[in-house]
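Here's the structure, in structure tokens; my notes come after.
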2 protein chains.
Amino acid sequence: MTVRLLLADDEHLIRGALAALLALEDDLVIVAEAATGPEALAMARAHAPDVAVLDLQMPGADGVKVATSLRAELPGCQVLIVTSHGRPGHLKRALAAGVRGFVPKTVSAQRLAEIIRTVHAGNRYVDPELAADAISAGDSPLTAREAEVLELAADGAPVAEIAERAALSQGTVRNYLSSAVSKLGAENRHTAVRLARERGWV
Amino acid sequence: MTVRLLLADDEHLIRGALAALLALEDDLVIVAEAATGPEALAMARAHAPDVAVLDLQMPGADGVKVATSLRAELPGCQVLIVTSHGRPGHLKRALAAGVRGFVPKTVSAQRLAEIIRTVHAGNRYVDPELAADAISAGDSPLTAREAEVLELAADGAPVAEIAERAALSQGTVRNYLSSAVSKLGAENRHTAVRLARERGWV
DNA sequence: ACATCCCTCTGACATTTGTCATACGGAGTG
DNA sequence: CACTCCGTATGACAAATGTCAGAGGGATGT
């Protein structure tokens, strides 16, 4: 039984190389390739692959967003996310979106082929190390608003701008930032942003 | 004439796939692979390749650092940097370190093989788009100290800590930050850090 | 010799952030 | 119903940051 694959990665070099390697496996066949999120979606619609191997970061829409749409449109298509930067939060988001597999790019092609088969068989596979990280990072202690405000603060915007963009009063914004900072044990909003990013909470 | 290659990339999947693809070219042969900077250096010493294909971001020491050491120890070995994130400053640093080629991972394997040959022949190759970015980004307007202080401010440390780490008075640190911020046209130190990072000035 | 730049510092001031207390309405829970 | 969160807000105060003017010393270039 052959497994029909969709391969999506914005790096042509990687995608091509990966395609070549996976094609060496007798039971795997690549039916489509894509370089962006929307393209991946279009390709999936056109070819209805058994398994979609998606890079986490792509222009247009990231792997998790694509996965969400895919779940709705092609329930028979299993999604496997491959990523360079394994942040705990990404894994959580991905699983919530119905992704069946999540692996770092540090695995070998051999392993990847096995994992593709695992996912195709309807099982799940999550890289043990990433899983451990996700568990030890735990749940976000931030409320929805706190996370939102922290996110808006991420690029160094002043309180006034955050307040405007979030349609809140400046005082409220400062309250949220303050509580986020203390919950994260940070010294100021900027280290708080960094910590939250590392744990994948924003 | 065959070209003997060293391949260094921390992502096993990518490295393996790349190796497989490049091995298809008759005149290219991979004599060594490495997953970290130090490992790349050790491998280069052991195998004295003609061309070293290095990922820009690797654990241990980045591609440019490895290139610098390589220039000194193995002048006959040409260095080609491959990267996902093409920041202008990286290109500049790389060229200063004697790197002969600089390409994004979006090129095809076919192109990469050609570029490897170009570099091996003693010519240079820089991706046109990255080159354009680097030129438009221009030179850093920051003085050495300003850049240093800005770098220390990058992870959100308070002025007191920056001052201590740079062995400067707090007032001086604030002066440098202030002038860096105004030179970069930023609103505050944090957006300044972001801007400088984007242009590769830190 | 002079001008110009960078590095370093100080002191003063305005602005922005961070913290805290307090308040009110809504949602959910016991 | 009382209790506890969360979201939202205000006001006040302390601390950090941003800005400016000025000043001395070293290096470099004309």
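Below, chain A is the first sequence line, B the second, and so on; all start at residue 1.
Proximity of A:Leu56 to A:Val82: side-chain heavy atoms (C-beta onward) are nowhere separated by under 4.5 Å.
Comment: B:Glu198 engages B:Arg194 in a salt bridge, judged by a side-chain N to carboxylate O separation of less than 4.0 angstrom. Look at B:Glu148 and B:Arg145 and you find a salt bridge, because one of the NZ, NE, NH1 or NH2 atoms lies within 4.0 Å of a carboxylate O, short of that distance. Ion pairing between B:Arg199 and B:Asp133 fails under the 4.0 Å rule for side-chain N and carboxylate O.
Listed pair A:Arg145 / D:dT8 meets the phosphate criterion, a side-chain N or O lying under 4.0 Å from OP1 or OP2. Regarding contacts with the backbone of D:dA9, every side-chain N or O of A:Tyr176 stays at 4.0 angstrom or more from both OP1 and OP2. The side chain of A:Thr143 places an N or O atom within less than 4.0 Å of a non-bridging phosphate oxygen (OP1 or OP2) of D:dG7.
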Nucleotide by nucleotide, nucleotides 10-18 of chain C touches protein heavy atoms under 4.0 Å in the pattern (B base, S sugar-phosphate only, - none) B-B----BB
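In this structure A:Gln57 satisfies the side-chain contact (heavy atoms from CB on, under 4.5 Å) test together with A:Asp55, A:Thr83, A:Ser84, A:His85, sequence neighbours excluded.
Following rounding to the nearest Å, A:Glu146 (CD) and D:dG7 (P) show an atom-to-atom distance of 7 Å.
Of the possible donor and acceptor atoms, none in the side chain of B:Thr172 sits under 3.5 Å from a partner among the backbone N and O of B:Leu168.
Under the 3.5 Å distance criterion, with hydrogens and angles disregarded, no donor-acceptor pair is assigned to the side chains of B:Ser179 and B:Ser182. With 3.5 Å as the limit, one finds a donor-acceptor pair spanning the side chains of B:Tyr125 and B:Arg111.
For the helix from C:dA1-D:dT30 to C:dG30-D:dC1, the rotation axes defined at the first and last 5 base pairs enclose an angle of 30°, given to the nearest 10°.
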